[in-house]
Amino acid sequence: MLLAGKTIIITGASSGIGAAAAKIFAAEGARLVLGARRAERLDEITNEILADGGEADYVAGDVEESGYAKELVRRAETRFGGLDGSFNNAGVTGEMGPIPDMDESNWHKVMAVNLNSGFHAAKYQIPAMRKRGGGSIVFTSSFVGHTIGLPGMGAYAAAKAGLIGLTQVLAAEHGAENIRVNALLPGGTMTPMAGEDTGFHEVVRGFHALKRMAEPSEIARAALFLLSDHASFVTGSAMIADGGNSINKL
């Protein structure tokens, strides 16, 4: 099993990619600390993992808050003895629209959830991984703001691009401590964030060279690779798992 004996934090674990990752990582032997705002969903997912013989716990909270990032790490250390990896996956698209028309509160909200949360995570996760002699951090970024600019998504693009810059610096700063840091850039994925508009889904499918959207489990397995020892020489990367979105023009 690729994560046997490893303790992993997953944020945004109540649905979509995070929930898929929770089940896949548990099946690969990880001991999990799950994070999201919805305690009832975290409880359901945790109980499913426990029923299947896995190990998991959860802490409900908001990734915008520094104290929440600290508590997730504390739970990993007190419940499972330490921290070996993290999939910092929580995020929001925010309200879409041109920057001149955007309310400042929307800008700050998108930055807080998508980018500031990365700072909070690294601040507490890295010292914990240092105690274990190393670890792996994965941030969910996006092709938006990296390989393409989508109109109306200025705040989201800026935040997700910022995560890539943070990834690169953290990787350079902590590589000698055997702490790897990577960003994962999914394409369009069938999650609650994608909504239920089938017409919109059809348009998004056309953006991809594969002419379909990803299942959450496909993105979760890309994160699994980055967290596993199979990626032992991979750090500072912006790994694209976007179904060819970035290279497709037709």
Side-chain angles (χ1 to χ4, degrees), residues 2-3 5-12 17-18 21 25 30-33 35 59 61-77 80-91 108 110-147 156-186 219 222-241:
L2 292 180
L3 299 179
K6 296 182 184 294
T7 299
I8 309 289
I9 289 172
I10 304 174
T11 64
I17 295 168
F25 293 3
R31 298 170 294 193
L32 299 175
V33 177
V59 182
D62 194 329
V63 295
E64 295 180 60
E65 300 173 1
S66 177
Y68 181 54
K70 184 176 182 179
E71 178 59 23
L72 287 169
V73 172
R74 190 195 71 82
R75 183 65 60 88
E77 293 183 321
F80 298 119
L83 180 66
D84 302 291
S86 61
F87 183 26
N88 299 298
N89 171 69
H108 292 302
V110 172
M111 290 295 163
V113 175
N114 294 338
L115 181 56
N116 294 358
S117 64
F119 163 73
H120 299 319
K123 181 176 177 63
Y124 295 107
Q125 291 170 7
I126 287 172
M129 292 180 191
R130 187 181 289 138
K131 296 176 189 175
R132 302 281 269 189
S136 177
I137 295 173
V138 177
F139 294 110
T140 299
S141 180
S142 176
F143 67 93
V144 181
H146 181 65
T147 61
Y156 182 82
K160 291 298 188 178
L163 276 178
I164 295 174
L166 178 63
T167 291
Q168 293 171 342
V169 172
L170 291 174
E173 289 178 339
H174 300 285
E177 298 175 285
N178 195 34
I179 297 173
R180 298 184 297 105
V181 188
N182 292 285
L184 177 60
L185 284 57
I219 306 304
L224 170 65
F225 165 72
L226 291 173
L227 287 165
S228 77
D229 292 340
H230 284 193
S232 59
F233 205 61
V234 180
T235 194
S237 72
M239 191 176 98
I240 297 173

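No hydrogens, no waters, no symmetry mates; every other heavy atom, side chains included, goes into these values.
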- prompt: Residues two or more places apart in sequence or in another chain: which of them pass side chain to side chain donor-acceptor pair (under 3.5 Å) with Ser141?
  reply: none

statement: Taken in chain and number order and not counting sequence neighbours, the residues that satisfy side chain to side chain donor-acceptor pair (under 3.5 Å) with Thr147 are Ser246

query: So, for Asn178 and Gly133, which heavy atoms are closest and what is the spacing to 0.1 Å?
result: ND2-O, 3.3 Å

- prompt: Thinking salt bridges, do Asp229 and Arg180 make one under a 4.0 Å N-O criterion?
  reply: no

message: If I compare all heavy atoms of Gly12 with all of Ala90, which pair ends up nearest, and what's the gap?
response: N-CB, 3.7 Å

- prompt: Are Phe87 and Ile17 side-chain neighbours, meaning at least one heavy-atom pair lies under 4.5 Å?
  reply: yes

- prompt: What residues, two or more places apart in sequence or in another chain, satisfy side chain to side chain donor-acceptor pair (under 3.5 Å) together with Lys131?
  reply: Glu77

query: Looking only at heavy atoms, what is the nearest atom pair of Ala76 and Leu83, with distance?
result: CB-CD1, 4.2 Å

task: Among residues two or more places apart or on two chains, list those pairs meeting salt bridge (Lys or Arg N to Asp or Glu O under 4.0 Å) that have a residue in residues 65-76.
output: Asp57-Arg75, Glu71-Arg74, Glu71-Arg75

- request: With sequence neighbours excluded, tell me which residues meet side chain to side chain donor-acceptor pair (under 3.5 Å) with Tyr124.
  value: Ser66

- prompt: Can any side-chain N or O of Asn182 pair as donor or acceptor with the backbone N or O of Leu226 at less than 3.5 Å?
  reply: no

- prompt: With sequence neighbours excluded, what pairs up with Ala241 under the side-chain contact (heavy atoms from CB on, under 4.5 Å) test?
  reply: Leu184, Ile219, Ala222

message: Looking at every heavy atom in both Pro127 and Ala122, which two are closest together, and how far apart are they?
response: CD-O, 3.9 Å

Cut-off 3.5 Å, no hydrogens considered: what does the side-chain donor-acceptor table look like for residues 110-119, sequence neighbours left out?
unit_1	atom_1	unit_2	atom_2	d
Asn114	OD1	Val92	N	2.9
Asn114	ND2	Val92	O	2.8
Ser117	OG	Val113	O	2.5

- prompt: Quick one: salt bridge (Lys or Arg N to Asp or Glu O under 4.0 Å) partners of Glu64, sequence neighbours excluded?
  reply: Lys109

- prompt: How long is the gap from CG on Asn89 to CD1 on Ile9, to the nearest 0.5 Å?
  reply: 13.0 Å

task: Using side-chain contact (heavy atoms from CB on, under 4.5 Å) as the criterion, list what pairs up with His108, not counting sequence neighbours.
output: Glu104

message: Testing the 3.5 Å rule here: is there a donor-acceptor pair between the side chains of Asn88 and Thr11?
response: no

task: For the pair Tyr68 and Val59, evaluate side chain to side chain contact (heavy atoms under 4.5 Å, CB included) and give the outcome as yes or no after the intermediate values.
output: CA-CA 8 Å; Tyr68 181 54; Val59 182; 3.7 Å; yes

message: Any non-hydrogen side-chain atom of His146 less than 4.5 Å from a side-chain atom of Leu185?
response: yes

message: When you measure from the side chain of Ser228 to the backbone of Phe225, do you find a donor-acceptor pair of N or O atoms at a distance under 3.5 Å?
response: yes

- request: Drop me the distance from Leu224's CG to His230's NE2, to the nearest 0.5 angstrom.
  value: 9.0 Å

Going by atom type alone, with no hydrogens or angles, which donor-acceptor pairs under 3.5 Å involve a side-chain atom of residues 158-171 and a protein atom two or more places apart or on another chain?
unit_1	atom_1	unit_2	atom_2	d
Lys160	NZ	Thr140	O	2.8
Thr167	OG1	Leu163	O	2.8

query: Tell me the salt bridge (Lys or Arg N to Asp or Glu O under 4.0 Å) pairs involving residues 165-177, sequence neighbours left out?
result: Arg130-Glu177

- prompt: Do Phe25 and Leu32 have side chains that get closer than 4.5 Å, going by heavy atoms?
  reply: yes

- line: Quick note, salt bridge (Lys or Arg N to Asp or Glu O under 4.0 Å) partners involving residues 115-125, not counting sequence neighbours, are none

- prompt: Is any side-chain heavy atom of Ser86 less than 4.5 Å from a side-chain heavy atom of Met129?
  reply: yes

- prompt: Taking side chain as C-beta onward, heavy atoms only, is Ile137 less than 4.5 Å from Gln125?
  reply: yes

